[in-house]
S.K.: 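Quick one: the structure is below, questions incoming.
Numbers for residues simply follow the sequence, beginning at 1.
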Amino acid sequence: MNNLNKDYLLKESKTFCMFPWVHLYTSPRGKVYPCCTTDTSTTLGDTHNQSLEQIWNSDHMKQIRLDMLNDKPVNLCRLCYKMEESTAHTWRRFSNEKFEKYFDETVPQTQDDGTLENFKLRFIDVRFSNICNFACRTCGGDCSSMWAAENKQRGLSNYIVLHADDHKGNLLQEVLSQVPNADMIYFAGGEPLITEEHYTILEALLKQNLTHIKLRYNTNTSTIKFKSFDLLDLWSRFDQIEIQASIDHYGERAEFIRHGTDWADVENNLILFRQQPNITVGISTVLSVFNYHTITDFYRYMLEKNLLGYGDKNLYLTLTNDPKHFCSKNLPGYIKHSGTDNIERFIDKLDYIQLKDFLIEAQEFTNNEDYWPIYKDKLKIDIYKIDKIRNQDFEKTFPEIASLLDA
């Protein structure tokens with residue numbers, strides 16, 4: 001394909017993304033999408049009855065490539081477009097920054113119908129199952145077997161464990177065949193550190209001496225041992241490990257939001273990870289109704305305990321819109337105002353540009369829409385229901401915002 005304006009596509013286009021040329025994302029259900037932040041209303045394929053290579057040049061995937069090359073919005077990607085109204089930190093922009101080096105060998109090779117013959121996954125993100133030892137309030141059964149078990153108990157689902165593979169190991173074998181092509185492998189879940197396939201892939205990388213490949217994790221950091229595997233020993237043999245620790249608060253608030261957390265274990269593991277010379281540790285936080293008001297207390301604690309460093313670049317604050325009733329937009333106005341005041345006072349003296357930018361974006365995101373009239377009843381009902389199932393107490397854990405249940 002000729003006449004491509006590389007600089008425009010990578011730097012200025014509002015729709016172009018490198019992922020359709022280097023990546024496919026597979027959910028624990030086996031559904032395949034352009035990436036993990038894609039709208040899930042339409043899939044590219046299903047690993048239970050198709051190979052990744054077949055899906056790579058499906059009609060839908062080919063059309064996505066053509067639309068992006070013609071600077072047309074892709075419906076599946078509208079979540080990124082929406083997020084870019086509030087934040088510069090989106091998966092689309094990440095893809096263009098990290099995988100620009102593969103532009104020349106992939107994008108110009110796109111055929112007129114959108115076909116890309118050379119199937120090489122430079123970025124691997126396959127979630128083999130929903131197995132997880134946590135049930136986070138802003139998550140659900142598709143990404144947590146603990147959540148699914150609760151839902152089944154309540155009659156809301158008929159499954160507990162999901163598997164992306166077809167039970168013959170075909171998906172795992174296909175991923176292993178792509179490992180030598182990878183620039184980065186992203187492990188998430190479920191909880192990747194208690195997933196069998198994660199360790200199979202690590203062993204394959206070690207056997208093939210592919211220790212230069214960057215390993216990136218989204219993990220709840222609850223464990224460093226799995227069966228006979230010692231994670232720190234395995235990781236010590238790789239050049240680059242990047243950990244995004246999924247943590248939304250500290251202490252009892254952390255244990256409430258991410259049910260299953262033992263904060264002492266998480267804190268100790270973070271300290272261990274930060275001591276390893278080849279491991280970069282960052283904090284990946286989901287903004288929600290539960291932590292907006294005290295998000296500054298959380299970051300202050302993490303900085304004071306050296307669990308987060310002022311120079312850390314691997315820092316993320318996800319401004320989630322889903323589920324909407326737990327979105328920070330779904331707070332009554334007086335709590336939003338109080339939380340915003342806390343952020344203003346905190347960032348006024350904060351010498352950490354990236355965190356300051358994230359908190360400014362969090363303010364803008366939270367205050368630019370009011371979900372409260374629409375979703376307040378759903379919020380209250382879910383808090384009470386989940387508290388009862390888990391023997392938790394929202395009002396006791398979050399006294400500063402407990403009044404929202406009466407608002």
Side-chain angles (χ1 to χ4, degrees), residues 24-52 54-55 76 79 124-175 186-201 217-220 222-223 226-227 246 248 256-261 286 288 318 320-326 378 381-392:
L24 287 172
Y25 160 67
T26 302
S27 78
R29 283 189 178 274
K31 306 300 183 183
V32 180
Y33 305 93
C35 81
C36 67
T37 60
T38 303
D39 182 272
T40 57
S41 59
T42 305
T43 67
L44 300 177
D46 190 324
T47 57
H48 292 141
N49 49 51
Q50 295 169 283
S51 68
L52 293 177
Q54 289 172 327
I55 296 168
L76 281 179
L79 295 180
I124 295 175
D125 180 6
V126 174
R127 319 282 174 94
F128 284 95
S129 78
N130 67 334
I131 292 173
C132 189
N133 54 347
F134 282 14
C136 306
R137 289 270 173 156
T138 54
C139 192
D142 278 13
C143 293
S144 165
S145 54
M146 277 188 64
W147 249 115
E150 287 184 357
N151 287 341
K152 189 171 184 179
Q153 183 182 9
R154 295 163 63 190
L156 300 177
S157 69
N158 60 0
Y159 69 90
I160 294 179
V161 177
L162 296 171
H163 290 285
D165 219 327
D166 59 3
H167 303 293
K168 297 178 182 176
N170 291 339
L171 177 60
L172 178 58
Q173 290 307 311
E174 194 170 11
V175 170
Y186 184 38
F187 295 103
E191 171 48 47
L193 303 188
I194 59 171
T195 303
E196 296 273 2
E197 291 86 353
H198 162 247
Y199 295 92
T200 301
I201 292 170
Y217 289 84
N218 190 290
T219 170
N220 60 37
S222 61
T223 184
F226 179 73
K227 297 187 175 179
S246 298
D248 298 339
F256 180 99
I257 298 172
R258 293 187 176 269
H259 181 52
T261 299
V286 175
S288 70
T318 301
T320 186
N321 235 341
D322 185 29
K324 284 186 168 56
H325 60 289
F326 285 154
K378 173 67 171 170
I381 290 168
D382 263 25
I383 285 176
Y384 282 127
K385 281 185 176 178
I386 300 170
D387 272 7
K388 185 176 181 179
I389 291 170
R390 299 179 182 176
N391 194 29
Q392 293 181 316

S.K.: If every non-hydrogen atom of Ala135 is compared with every non-hydrogen atom of Met146, which pair is closest and at what distance?
M.R.: CB-CB, 4.0 Å

S.K.: Passes side-chain contact (heavy atoms from CB on, under 4.5 Å), Ile201 versus Phe128? Steps please.
M.R.: CA-CA 12 Å; Ile201 292 170; Phe128 284 95; 3.9 Å; yes

S.K.: Using modelled atom types and a 3.5 Å cut-off, is there a donor and acceptor pairing between side-chain atoms of Thr47 and backbone atoms of Gly30?
M.R.: yes

S.K.: Say you draw a straight line from CD of Gln392 to CZ of Arg137; how long is it, rounded to the nearest 0.5 Å?
M.R.: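 Separation between the atoms: 4.5 Å.
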
S.K.: Testing Asp39, Ile55, Thr40, Thr42 for side chain to side chain contact (heavy atoms under 4.5 Å, CB included) with Tyr33, which one passes?
M.R.: Thr40

S.K.: Examine Arg154 relative to Trp147 and say whether NZ or CZ is less than 6.0 Å from the centre of the six-membered ring and inside a 45° cone about the ring axis.
M.R.: no

S.K.: Please check if the side chain of Ser27 supplies one atom and the backbone of Arg29 the other of a donor-acceptor pair under 3.5 Å.
M.R.: yes

S.K.: Return the minimal non-hydrogen interatomic distance between Ser288 and Thr138, and the atom names on each side.
M.R.: CB-CG2, 4.0 Å

S.K.: Are Leu44 and Pro34 close enough that some pair of their side-chain heavy atoms sits under 4.5 Å apart?
M.R.: yes

S.K.: Run through Asn133, Thr219, Asn130 and flag the one making a side-chain hydrogen bond (donor to acceptor under 3.5 Å, both in side chains) with Glu191.
M.R.: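 Of the listed options, the one satisfying the test is Thr219.
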
S.K.: Checking the side chain of Tyr159 only, and the main-chain atoms of Ala149 only, is there a donor and an acceptor separated by less than 3.5 Å?
M.R.: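 No; judged by distance alone, with no hydrogens or angles, the pair does not exist.
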
S.K.: Rounded to the nearest 0.5 Å, how far apart are CD1 of Ile124 and OG1 of Thr26?
M.R.: 10.5 Å

S.K.: Check whether any side-chain N or O of Asp248 sits under 3.5 Å from a backbone N or O of Val286 as a donor-acceptor pair, and report yes or no.
M.R.: yes

S.K.: My understanding is that only one of Tyr217, Phe187, Phe226 makes a side chain to side chain contact (heavy atoms under 4.5 Å, CB included) with Leu193; could you say which?
M.R.: Tyr217

S.K.: Is a side-chain donor or acceptor of Ser144 paired with a backbone partner of Phe134 at a separation under 3.5 angstrom?
M.R.: yes

S.K.: Donor-acceptor pair, distance only, cut-off 3.5 Å: does the side chain of Asn170 make one with the backbone of Ser51?
M.R.: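 Flag not set: sc Asn170 to bb Ser51 has no pair under 3.5 Å.
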
S.K.: Do other residues, nucleotides or ligands put more than 12 heavy atoms under 6.0 Å from the CD atom of Gln54?
M.R.: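 More than 12 heavy atoms, drawn from other residues, nucleotides or ligands, come within 6.0 Å of this atom.
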
S.K.: Please give me the minimum heavy-atom distance between Arg127 and Cys36, naming the atom from each residue.
M.R.: NH2-CB, 3.5 Å

S.K.: Tell me whether Asn220 contacts the main-chain N or O of Thr261 through its side chain, where contact means a donor paired with an acceptor under 3.5 Å.
M.R.: no

S.K.: Strictly distance-based, threshold 3.5 Å: is any side-chain N or O of Glu150 a donor or acceptor partner for the main-chain N or O of Ile389?
M.R.: no

S.K.: Of all the heavy-atom pairs spanning Cys132 and Ser145, show the shortest one and how long it is.
M.R.: N-OG, 3.0 Å

S.K.: Provide the closest heavy-atom pair for Pro28 versus Leu162 in the form atom of the first, atom of the second, distance.
M.R.: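 Answer, listing the atom of Pro28 first, then Leu162: O-CB, 3.6 Å.
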
S.K.: So does Tyr25 get a backbone contact from the side chain of Asp125, meaning a donor-acceptor N/O pair under 3.5 Å?
M.R.: no

